[in-house]
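Take a look at the structure below.
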Amino acid sequence: MREDAAARAEAPATGTDLRVEEAVTEALMHARAMDAAKLDAVLRRAAALLGTAVFLEQVTASLLRRIGEEWHAGRLTIPQEHLASSVVHALVLGLMRDVEPGGDAPRVVVATPAGERHAIGAALAGAAAAAQGWRVIFLGADVPAADIAACATDVDAHLVALSVVYVENRADVLAELRALRSLLPARIGMIAGGAGANALRVDLEKLGVVVGTGLAEFAGAPR
């Protein structure tokens with residue numbers, strides 16, 4: 001199983017546009033039908049055919065965007081949106097945990113900061129990091145700065161990766177991330193991704209937080 005996961009992570013990603021679109025279209029069809037088993041099967045097949053990196057960067061990103069658009073347009077119900085999101089979340093966590101890094105793999109702590117309850121972005125970051133050779137310590141959503149810092153220090157992490165999707169209160173989010181940066185040893189880097197992080201880019205970069213533009217950011221992150 002570990003060997004299969006490694007093969008998925010390294011699968012070539014050439015000529016994928018049509019397969020990505022087909023996978024997303026079929027996944028949406030099964031989400032509308034509330035068929036979690038078929039939705040899961042479509043996504044697993046896409047991950048096996050395209051490799052983990054392309055699956056995460058293109059299939060899941062496109063699918064989650066389409067789900068949001070369809071829900072806002074009234075073409076997906078709340079139960080349909082929740083079912084699709086839960087299937088994607090569970091599958092992505094499985095991809096993250098299927099990869100067994102080497103004994104000397106650098107460690108990354110992945111979470112969302114306190115107040116951010118949307119965990120899919122963090123799960124995607126964790127799976128991308130695992131596929132690129134990191135040992136992932138996944139804490140999930142809504143984790144206070146003190147707890148993230150304590151974990152990162154205890155496991156001797158090289159990096160803390162945060163997903164920030166929504167910013168309801170700019171001052172509160174910045175205060176939480178500022179506190180985290182101050183609690184972490186200087187040797188532990190911080191990277192943040194998501195729409196919320198991008199909206200706070202200037203302020204975060206002043207704190208020494210790298211704002212990622214995509215999951216591939218882990219390839220060049222400090223180790």
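Any value given below was found using the heavy atoms of this structure, including those in side chains, with hydrogens, waters and symmetry copies removed.
- Side-chain contact between E116 and S163 is absent, with no heavy atoms from C-beta onward closer than 4.5 Å.
- Residue pairs meeting the ring pair (Phe, Tyr, Trp, His ring centres under 6.0 Å) criterion with at least one partner in residues 165-185, sequence neighbours excluded, are H118-Y166.
- Smallest separation of non-hydrogen atoms from A114 and P144: CB-CA, 3.9 Å.
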Quiz item: Can D203 and R170 be said to form a salt bridge (charged side-chain N to carboxylate O under 4.0 Å, His left out), step by step?
Solution: CA-CA 10 Å; D203 293 301; R170 185 185 186 92; 2.6 Å; yes
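- Between V160 and A152 the shortest heavy-atom distance is CG2-CB, 3.7 Å.
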Quiz prompt | Derivation and outcome, side-chain contact (heavy atoms from CB on, under 4.5 Å), residues L76 and I67 | solution = CA-CA 7 Å; L76 275 183; I67 287 170; 4.1 Å; yes
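- For the pair L159/W134, a side-chain contact is recorded, criterion being any heavy-atom separation below 4.5 Å from C-beta on.
- Hydrophobic clustering, with ILVMFWY side chains joined whenever heavy atoms are under 4.5 angstrom apart, keeps V165 apart from L64.
- A distance-only check finds a donor-acceptor pair linking the side chain of S182 to the backbone of A179 [under 3.5 Å].
- Judged as a side chain to side chain contact (heavy atoms under 4.5 Å, CB included), and not counting sequence neighbours, the contacts of A119 are H89, A141.
- Closest of all the heavy-atom pairs between L162 and M190 is CD1-CE, 3.8 Å.
- Smallest separation of non-hydrogen atoms from V109 and C151: CG2-SG, 4.1 Å.
- Heavy atoms only, all atoms of each residue included: T112 and D142 are closest at OG1-N, 2.7 Å.
- A chain of hydrophobic side-chain contacts below 4.5 Å, direct or via other Ile, Leu, Val, Met, Phe, Trp or Tyr residues, connects V211 to L174.
- Under the rule for a side chain to side chain contact (heavy atoms under 4.5 Å, CB included), the partners of D156 that lie at least two apart in sequence or sit in another chain are R187.
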Quiz item: What do the steps show when you test V110 against V108 for side-chain contact (heavy atoms from CB on, under 4.5 Å), and what is the final call?
Solution: CA-CA 6 Å; V110 180; V108 56; 4.0 Å; yes
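- For the residue pair E81 / T77, no side-chain donor-acceptor distance below 3.5 Å is found, with atom types taken as modelled.
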Exercise. Show your reasoning for whether side-chain contact (heavy atoms from CB on, under 4.5 Å) applies to V167 and D172.
Key: CA-CA 9 Å; V167 178; D172 285 351; over 6 Å; no
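- Under a 3.5 Å cut-off, the side chain of S86 and the backbone N or O of L83 do form a donor-acceptor pair.
- Side-chain N or O atoms of E70 include none that pairs as donor or acceptor with a backbone N or O of R75 at under 3.5 Å.
- Scanning all heavy atoms of the two residues, the minimum distance from R181 to L207 falls at CG-O, 3.4 Å.
- Other members of a hydrophobic cluster containing V42 are absent, since no ILVMFWY side chain comes under 4.5 Å of it, directly or through relayed contacts.
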Practice problem: Take V87 and L43 through the side-chain contact (heavy atoms from CB on, under 4.5 Å) test and state the conclusion after the steps. | Solution: CA-CA 9 Å; V87 170; L43 296 178; 4.3 Å; yes
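- For D35, there are no side-chain hydrogen bond (donor to acceptor under 3.5 Å, both in side chains) partners two or more places apart in sequence or in a different chain.
- Here M29 pairs with E26 under the side chain to side chain contact (heavy atoms under 4.5 Å, CB included) rule; sequence neighbours left out.
- Ion pairing between E21 and R66 holds under the 4.0 Å rule for side-chain N and carboxylate O.
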